[in-house]
Amino acid sequence: MSNKRVYTFGNGKAEGRSDMKNLLGGKGANLAEMNLIGVPVPAGFTITTDTCTEYNEMGREKMVGLLRSEVKEAMKKVEATMNMEFGSKDNPLLVSVRSGARVSMPGMMDTVLNLGMNDESVLAIAKKAGNDRFAWDSYRRFVQMYGDVVLGMKPESKEDIDPFEQIMDEVKEAKGVENDTDLDVDDLKDLVVKFKAAVKKVTGHDFPVDPWEQLWGAVAAVFDSWMNPRAIYYRQINQIPAEWGTAVNVQAMVFGNMGDNSGTGVAFTRDAATGENIFNGEYLINAQGEDVVAGVRTPQQITKEGSLRWAKLAKVSEEDRATKFPSLEEAMPLAYAELFDVQEKLENYFKDMQDLEFTIQDGKLWMLQTRNGKRTAAAMVKIAMDMLREGMIDEKTAVLRQEPNKLDELLHPVFDMDAMVKANVLATGLPASPGAATGQLVFHADEAGKFPVTILARIETSPEDLEGMDIARGILTARGGMTSHAAVVARGMGKCCVSGAGECKIDAKARTLAAGGMTFKEGDWISLNGSTGDIYEGKIATKDPELSGDFGEIMELADKFRKIDVRTNAETERDAKVAREFGAQGIGLCRTEHMFFEGERLVRMREMILSDDEAGRRIALDKLLPIQRQDFKDVLNTMIGFPVTIRLLDPPLHEFVPHEKENQESMAKEMGVSVDVIKKKVEDLHEFNPMLGHRGCRLGNTYPEITEMQARAILEAALELKAEGKPTFPEIMIPLVGTVKELKMQEKIVRDIADQVFKEKGDKVDYMVGTMIEIPRAALTADEIAEVAQFFSFGTNDLTQMTFGYSRDDAGKFLPVYLKQGILKNDPFQVLDQEGVGQLVHTGIERGRKTNPILKVGICGEHGGEPSSVEFCVKAGMNYVSCSPFRVPIARLAAAQASLR
Ligand code: ADP
Ligand code: MG
Ligand code: MG
């Protein structure tokens with residue numbers, strides 16, 4: 001820790017720089033840098049983030065003691081630059097006190113402006129500016145802000161009324177005016193008196209008059225704000241360490257509220273929504289601080305072009321626009337011209353889209369903040385590609401600028417912006433699965449095909465609705481959360497879904513939906529936004545995702561730097577096709593159990609399960625063989641030339657038998673046996689802990705005929721395709737292996753069958769036999785296992801379950817609490833636990849490659865599409881990651897970034 005706690009800036013000089021964000025916070029570092037490159041910034045100084053940490057340890061008294069002389073020195077410099085004096089009665093310098101962490105944190109302390117004012121200085125300021133109204137407006141703002149932020153006058157909850165707002169409303173009402181700009185000097189003087197009285201009443205103390213006392217109070221309040229519950233919560237969900245601390249920026253005030261030749265605003269160097277290279281923003285004349293974002297008046301556009309566009313949308317006549325809401329370009333052309341130059345300079349300098357805050361005091365422009373602007377996914381892609389083409393950034397930077405998770409927004413249809421203007425929101429549910437959908441209402445899954453494009457509205461969905469969900473364009477449910485059946489299935493399908501829309505009354509029998517005071521019948525049009533949860537009346541035009549253009553180019557660039565393959569988890573032809581379009585290089589996990597859950601397959605499966613002996617099972621399996629062969633052929637056919645990892649049967653058999661009386665009866669009828677037989681069988685299959693029970697290769701080793709059938713189906717399918725001139729590369733994967741013997745037994749069955757099949761058909765295909773690594777023991781004995789396995793695929797779902805000892809199905813009860821208490825940083829089923837589970841992955845790879853140097857290694861758990869986990873896999877030396885189809889582009893990008901870092 002350096003002993004220097006205060007860094008000054010001003011007048012083209014600065015002790016800090018933009019690469020000192022850790023010490024000075026983002027705001028402070030960039031204020032310094034702007035000074036260095038000749039952008040006009042009011043002088044000031046930054047107290048370091050390390051001081052915040054000291055403050056938290058030693059408390060206010062000691063911290064002030066440590067800081068006092070450095071701050072006084074720094075203040076002298078500011079005074080010299082501004083030619084004013086902090087605390088002076090005749091020529092008072094006013095300052096702002098602003099927080100600023102390394103990364104911007106909404107919910108931290110609000111800014112205090114005009115600090116240093118009291119009953120004496122207000123007179124001097126009025127005199128010097130020749131403007132009483134301005135001086136008293138600044139004073140009342142100061143008492144209000146300082147009262148709220150430092151003295152704790154601001155109510156904790158939004159429902160409670162801010163005492164200052166209340167007084168303000170009363171004064172405006174008594175006077176019969178709407179805007180604060182309509183108040184005159186006497187009103188403002190009145191406000192100051194009333195505000196101070198309110199402070200005294202609530203806090204029991206007089207409002208502090210000594211500017212230095214005010215300053216230390218504000219500095220301490222900024223540091224305290226680092227530990228306020230909102231900030232702590234924000235840090236928790238964004239994984240920001242508490243040790244970072246916040247910096248404090250103290251800066252000479254410039255005034256946007258000095259009259260009609262002054263103003264304040266925010267601007268973006270490019271369009272943050274679309275990414276277009278258009279300078280834009282909003283400002284207010286005769287206003288201060290955050291009036292623009294706070295919505296105290298209707299903000300005006302900065303450019304004339306933007307202003308014209310705004311007027312059209314807001315239906316404001318050209319005359320009103322030009323007189324009441326002129327653009328900055330028209331109202332203050334000189335200041336605008338300077339702002340335009342500055343924004344260009346800042347973007348060129350920081351080489352990224354900038355989000356700017358500025359104030360114009362009596363025609364003179366001052367910059368108060370610049371930072372890389374937040375943007376939509378579309379803008380993220382476009383801005384990076386445009387800047388690459390403009391020669392501003394290189395290819396690597398363009399790839400590293402992308403936030404992989406954000407790409408999700410781009411892979412689904414969106415509403416047409418123009419069509420959205422008139423859209424009427426009926427209700428809002430949970431944004432369960434992104435994308436936009438418009439269609440005609442249906443209320444039953446089996447009626448999803450009743451109209452060409454439909455929205456399926458259900459109270460909640462169940463597995464029987466699967467096919468209907470697939471047909472519908474979008475899904476709306478009244479019940480269920482983000483992890484409800486509808487939500488999970490829809491995300492898997494990449495289909496728009498709004499779940500848990502409690503305001504919607506859905507009556508499936510009457511086929512009606514009531515929402516937003518309207519009632520809709522079957523066939524009526526509604527629209528859903530699965531990214532926001534909004535439900536709209538009527539038909540709204542949607543646009544398909546644009547997968548070529550800039551998006552395509554950025555993905556190509558990513559592939560250029562990517563060193564490992566990205567495959568997909570898919571078991572249907574449809575999913576596999578989608579994944580291919582998204583650039584998947586094979587299938588990393590094809591689950592075979594999904595192929596047995598419906599129609600004829602389920603009947604045959606149940607027949608097999610019901611059989612008491614091998615002979616009976618073989619009869620049922622023989623009937624399953626052609627069905628399986630066709631399934632595999634379809635899947636392999638979508639991945640010609642690419643590897644496809646097919647996992648043999650994995651789940652406990654009881655998942656295939658019915659548990660409800662009604663279904664047991666129909667199954668009995670189907671099978672031609674008595675209900676009691678079914679009941680008995682279901683009871684036999686009951687397990688106390690099925691996840692740790694008779695499943696995975698334990699099935700194949702107790703019923704080898706299942707493995708035989710599946711191996712045969714796979715290899716026959718591959719041979720048929722080969723005969724059609726289509727090369728395939730099946731990789732047969734044995735699940736849930738814990739000991740090498742388990743694998744050896746299964747491997748022998750597969751190899752024997754392969755020899756048989758190849759002999760029968762007089763032809764061969766290349767294939768591999770490998771295993772999932774999902775039991776800790778398998779990772780620990782990977783050296784032995786790799787002597788048999790040709791590949792490892794880390795099944796990190798089960799591996800996480802067994803390493804933590806958390807049941808995946810029951811963890812929902814305590815994981816949220818653990819996350820909130822900070823016992824866990826992340827849900828380990830979503831973000832790979834690199835510290836614990838990661839060790840098993842490292843060990844598994846290292847020991848496996850020791851005995852089998854050409855061992856192929858991948859991951860097929862949920863983690864294969866999560867950026868930080870992908871980065872881990874790249875570093876661990878895997879050959880590929882595999883994830884659900886809609887996460888393929890995200891994984892491609894994350895893998896490229898991992899290689900670049
Ligand atoms: P936030 O982090 O919430 O954006 P800031 O510290 O940037 O808060 O302050 C908010 C606004 O207050 C700024 O955008 C600017 O308009 C105003 N402001 C801050 N400091 C000054 C100053 N020295 N002079 C004039 N206005 C200021
Ligand atoms: Mg703020
Ligand atoms: Mg700001």
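Just follow the structure's listing: the first ligand is 1, and inside any ligand the first atom is 1. Because the structure is a prediction, the values reported are computed rather than measured.
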Against heavy atoms of [X], which atoms of ligand 1 measure under 4.0 Å?
{"X": "G289", "answer": "12 (O), 16 (O), 17 (C)"}
{"X": "L113", "answer": "12 (O), 17 (C), 18 (N), 19 (C), 20 (N), 21 (C), 27 (C)"}
{"X": "T264", "answer": "16 (O)"}

Is it the case that ligand 1 has an N or O less than 3.5 angstrom from some N or O of [X]?
{"X": "V254", "value": "yes"}
{"X": "E357", "value": "yes"}
{"X": "S99", "value": "no"}
{"X": "A252", "value": "yes"}

Atom CD of E305 with >12 non-hydrogen neighbours under 6.0 angstrom: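 No, the 6.0 Å shell around CD holds no more than 12 heavy atoms from other groups.
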K374, NZ: over 12 other non-hydrogen atoms inside 6.0 angstrom: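 Open.
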Tally of protein N, O or S atoms, where distance to the Mg ion (ligand 3) is under 2.8 Å: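 Number of qualifying protein atoms: 3.
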Within reach of ligand 1, part of K27 (heavy-atom separation under 4.0 Å):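 Answer for K27: side chain.
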Residue part near ligand 1, for Q369, under 4.0 Å between non-hydrogen atoms: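 Only the side chain of Q369 comes within reach of ligand 1.
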Identified side chain to side chain donor-acceptor pair (under 3.5 Å) counterpart of T46 within the set T8, T51, N249: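 Exactly one option meets the side chain to side chain donor-acceptor pair (under 3.5 Å) with T46, and it is N249.
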Test side-chain hydrogen bond (donor to acceptor under 3.5 Å, both in side chains) applied to Q343 and T269, step by step: CA-CA 6 Å; Q343 65 90 18; T269 60; 4.8 Å; no
All side chain to side chain donor-acceptor pair (under 3.5 Å) counterparts of N405, not counting sequence neighbours: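 Scan of N405 (side chain to side chain donor-acceptor pair (under 3.5 Å), adjacent residues dropped) gives R887.
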Y146 and F207 aromatic centres sub-6.0 Å: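 Y146 vs F207: aromatic centres under 6.0 Å.
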N114 and Q288 side chains, donor-acceptor separation under 3.5 Å: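 Yes.
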D534-T428 side chain donor-acceptor pair, cut-off 3.5 Å: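 A pair is found: one side chain offers a donor N or O, the other an acceptor, under 3.5 Å apart.
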Lys/Arg cation over aromatic W226: R235, 6.0 Å, 45° cone: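 R235 over W226 ring: yes.
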Aromatic Y349 / basic K345 pairing, under 6.0 angstrom, 45° off normal: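 No.
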